Amino acid sequence: MSTLTLYNTRTRAKAPFMPIDPENVRAYLCGPTVYDRAHIGNARNVVIFDVLIRLLRRLYPKVTYVRNITDVDDKINIRAQERGVSIEEVTAGPIRWYHEDMAALYTLPPDIEPRATAHMAEIIAIIEKLIRNGHAYEAQGHVLFSVASDPDYGKFSGRTPDELIAGARVDVADYKRDAGDFVLWKPSTPDLPGWESPWGYGRPGWHIECSAMSWRHLGESFDIHGGGDDLIFPHHENEIAQSCCAFPGSHYANVWVHNRMLLVNGEKMSKSLGNFLVLHEVLEKAPGEAVRFMLMRAHYRQTLDFSDAGLAEARKELDRFYRAIQLHPNAREREVPLHLIWDALLDDLNTPAAIAALHKYADLAFAGNEVGAVALKAAGKLLGLFNVSPEEWFRGGIDEAAIEGLVAQRVLARIAKDFAESDRIRDVLLKDHGVIIEDGPKNSYTIRKA
RNA sequence: GGUCCGGUGGCAGAGUGGUGAUGUAGCGGACUGCAAAUCCGUGAAUGUGGGUUCGAUUCCCGCCCGGACCUCCA
């Protein structure tokens with residue numbers, strides 16, 4: 001099998017992927033902070049990483065996929081205080097929703113889904129190491145990472161310390177030695193969630209959580225770390241600083257895979273614009289597979305515009321694939337050449353090229369070649385597509401009983417060559433039942449949802 | 001202001017130093033009572049000005065336009 005090539009944010013270049021341990025590829029994805037429903041941007045991230053994980057599983061005997069849940073965070077605390085409930089009560093719903101939404105997109109669950117609140121021992125251990133190494137200091141109940149202590153700080157995101165200071169827009173807290181120093185541990189008042197620590201009752205900073213969870217489950221160094229490109233700075237820069245300083249000689253993640261942000265109907269998603277697309281709401285209007293497909297239509301390192309028109313096109317493309325599959329119901333799974341899709345995916349997850357390959361296979365299937373249908377199914381599986389049968393795809397959700405009579409009447413009308421009546425019924429089926437009826441030879445017909 | 005990324009047919013979206021994928025939409029045709037689907041055919045693009053080169057959409061520089069990050073953010 002050929003080699004997977006990935007673009008690595010750390011080196012700003014594409015390079016062949018070389019696992020630390022080919023017997024166990026270890027990957028970490030920054031998961032959600034669970035205070036609300038996931039939005040469509042969260043979904044792109046997970047879908048892209050899902051494609052990567054599926055690919056790695058074909059290439060290597062074992063892949064350990066870790067995706068964390070940040071379940072302690074100031075946004076969560078605020079919700080808890082507003083509602084007068086515990087943070088567990090705030091996070092339980094969003095965690096459940098997250099699992100439901102991601103399953104609806106046919107993304108594979110991670111092998112390990114660690115929660116920050118269950119890793120306080122690791123968090124405290126790393127902070128203690130950093131203090132011992134001279135990379136962190138305690139000040140007014142806080143523990144801060146000292147960016148000046150790390151000569152490599154800023155290299156990952158391509159920033160110099162001067163830029164970081166110049167760019168600091170927020171008033172610098174007086175307990176910070178450097179404007180760029182960031183919090184590892186902060187004190188909690190009794191009304192806030194907290195844990196006992198060598199520095200008193202408090203809670204962790206955000207960045208340290210990922211360092212602790214990846215360390216516990218993947219070790220000091222691992223293969224791939226993913227996330228949205230907005231996390232490059234400061235989150236990932238800080239993770240690297242914490243982990244590399246706590247574990248001298250380690251590299252933290254070798255390869256960094258960052259996806260670009262998503263636009264919605266040409267605009268950045270933001271609460272002020274009121275165009276925050278909640279994934280759950282999108283999934284009520286479109287099949288999960290169409291949403292998934294839509295998110296793969298642009299290369300992951302390219303801005304993707306999530307538009308209604310795009311979603312409609314995604315559905316049409318999937319319609320075409322399912323038709324091609326449906327044409328060969330007895331096609332049996334077997335080894336078929338899949339160079340086109342493999343070449344596309346191995347080249348830095350080129351999903352648009354992979355989709356073009358799918359269309360080539362569909363062309364073959366439509367031309368009557370069963371191998372095309374077999375290849376299409378196999379290639380789709382690689383991308384996490386075709387999770388339902390063509391029948392389910394086209395007819396799922398149709399109330400067959402409700403239209404039975406109309407359909408029968410229309411058959412009779414067509415036999416009687418009463419085309420005015422048959423067209424009227426076709427119209428009613430579409431308008432009142434959302435069903436498209438298509439005629440075949442000898443008064444046969446097929447139905448599908450509009 | 002600093003750093004970075006991008007501008008490809010109506011729209012979406014790949015790739016490439018040498019006849020510019022793929023989808024969708026359009027147009028003509030076959031098929032159909034008509035549609036739909038499918039098939040055949042067809043028109044349609046590399047922001048702009050320079051440079052390098054036998055040759056640039058691809059490499060380099062300027063300009064214009066758009067976006068991201070620098071602050072919580074996938």
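Being a predicted model, the structure only gives us computed values, none of them experimental.
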Roughly how many Å apart are B:rA45 and B:rA21, using the P atom of each and rounding to a whole number? 12 Å
Under the salt bridge (charged side-chain N to carboxylate O under 4.0 Å, His left out) criterion, do A:Arg26 and A:Asp111 qualify, and how do the steps go? CA-CA 10 Å; A:Arg26 290 164 286 160; A:Asp111 297 294; over 6 Å; no
Between A:Trp206 and A:Asp74, is there a side-chain donor-acceptor contact under 3.5 Å, judged purely by atom types and distance? no
For the residue pair A:Arg323 and A:Phe366, would you count it as a cation-pi contact if the rule is NZ or CZ under 6.0 angstrom from the ring centre and within 45 degrees of the ring axis? no
Taking atom types as modelled, find out whether A:Tyr322 and A:Glu317 have a side-chain donor-acceptor pair closer than 3.5 angstrom. no
Got a salt bridge between A:Arg79 and A:Asp36, using NZ or NE/NH1/NH2 to carboxylate O under 4.0 Å? yes
Specify the separation, in whole Å, of atom CD1 of A:Ile232 and atom C1' of B:rU71. 16 Å
Sticking with atom P, work out how far B:rC64 lies from B:rA44, rounded to a whole angstrom. 33 Å
Specify the separation, in whole Å, of atom OH of A:Tyr7 and atom P of B:rC4. 11 Å
Is the A:Phe222 ring parallel, tilted or perpendicular to the A:Tyr252 ring (thresholds 30°, 60°)? perpendicular
Determine the Euclidean distance between corresponding P atoms of B:rU8 and B:rG1; express it in Å to zero decimal places. 25 Å
Could you label the plane-to-plane angle of the A:His225 and A:His236 rings as parallel, tilted or perpendicular, counting under 30° as parallel and over 60° as perpendicular? perpendicular
Mind checking if A:Gly41 touches a base, just sugar-phosphate, or nothing, with heavy atoms under 4.0 Å? base
Are A:Ser307 and A:Asp305 linked by a side-chain donor-acceptor pair shorter than 3.5 Å? no
If I pick the P atom on B:rG23 and the same atom on B:rA37, what distance separates them, to the nearest angstrom? 15 Å
Between atom CD in A:Glu237 and atom P in B:rU71, what is the gap in whole Å? 12 Å
What would the secondary structure line of RNA chain B be in dot-bracket form, counting Watson-Crick and G-U wobble pairs under 3.5 Å, with [ ] for pairs that cross earlier ones and | for pairs with another strand? (((((((..(((.....[...))).(((((.......)))))....(((((..]....))))))))))))....
Give the rounded distance in Å between these two atoms: NE2 of A:His299 and P of B:rU16. 11 Å
With salt bridge (charged side-chain N to carboxylate O under 4.0 Å, His left out) as the rule and sequence neighbours excluded, what pairs involving residues 370-392 of chain A come up? A:Arg334-A:Glu370
Within 45° of the six-membered ring axis of A:Trp256 and under 6.0 Å from that ring's centre, is NZ or CZ of A:Arg10 located there? no
Residues within residues 88-112 of chain A bordering RNA chain B, heavy-atom distance below 4.0 Å: none
Using the rule given for salt bridge (charged side-chain N to carboxylate O under 4.0 Å, His left out), can you reason through A:Asp427 versus A:Arg424, listing the C-alpha separation, both sets of side-chain angles and the distance that settles it, and then say yes or no? CA-CA 5 Å; A:Asp427 210 42; A:Arg424 185 192 67 78; over 6 Å; no
Measure the distance from CG on A:Asp427 to C1' on B:rA36 and round it to the nearest whole Å. 14 Å
Going through the distances and angles, do A:Lys155 and A:Asp152 end up as a salt bridge (charged side-chain N to carboxylate O under 4.0 Å, His left out)? CA-CA 6 Å; A:Lys155 278 188 185 166; A:Asp152 289 333; 2.8 Å; yes
Residues in side chain to side chain contact (heavy atoms under 4.5 Å, CB included) contact with A:Arg216, at least two apart in sequence or another chain: A:His119, A:Glu122
On RNA chain B, compare the nucleotides closest to A:Arg323 and A:Gly228; which residue's is nearer the 5' end? A:Arg323
Work out how far the C1' atom of B:rU71 is from that of B:rU3, and round it to whole angstrom. 16 Å
Which nucleotide, B:rC72, B:rA68, B:rA37, lies nearest any side-chain atom of A:Trp206? B:rC72
Dump the pairs, protein N or O against N or O of nucleotides 5-8 of chain B, anything under 3.5 Å, distances to one decimal.
residue: B:rC5; atom: O2'; partner: A:Arg260; partner atom: NH1; Å: 3.4
residue: B:rC5; atom: O2'; partner: A:Arg260; partner atom: NH2; Å: 2.2

Protein proximity profile, nucleotides 18-33 of chain B - base contact B, sugar-phosphate-only contact S, no contact -, cut-off 4.0 Å on heavy atoms: ---BSBSS-------B
State whether the distance check finds a donor on one side and an acceptor on the other, under 3.5 Å, for side chain A:His258 versus base B:rA74. no
Check the distance between B:rA12's C1' and A:Phe293's CZ and give it to me in whole angstrom. 11 Å
Ion pair check, A:Arg410 and A:Glu421, cut-off under 4.0 Å: no
At 4.0 Å (heavy atoms only), tell me whether A:Ala298 reaches a base, stays on the sugar-phosphate, or touches nothing. sugar-phosphate
Toward the 5' end of RNA chain B, which comes first, A:Ile436 or A:Gly310, by nearest nucleotide? A:Gly310
How would you label the contact of A:Asp74 with the nucleic acid (heavy atoms, under 4.0 Å): base, sugar-phosphate, or nothing? nothing
Just to be sure I understand the rule, does A:Leu262 reach a base, reach only the sugar-phosphate, or reach nothing, if contact means heavy atoms closer than 4.0 Å? base
Without decimals, in angstroms, what is the distance between A:Leu358 CG and B:rG13 P? 18 Å
Whole angstrom value for the distance that separates P of B:rG13 from CG of A:Leu304: 6 Å
If I pick the C1' atom on B:rG55 and the same atom on B:rC59, what distance separates them, to the nearest angstrom? 13 Å
Would you say that more than 12 heavy atoms from the other residues, nucleotides or ligands in this model lie under 6.0 Å from the CD of A:Glu404, or not? no
Atom C1', compared across B:rG15 and B:rG6: separation rounded to whole Å: 16 Å
So if I apply the side chain to side chain contact (heavy atoms under 4.5 Å, CB included) rule between A:Tyr300 and each of A:Asp229, A:Val51, A:Leu349, A:Thr351, which one comes out positive? A:Leu349
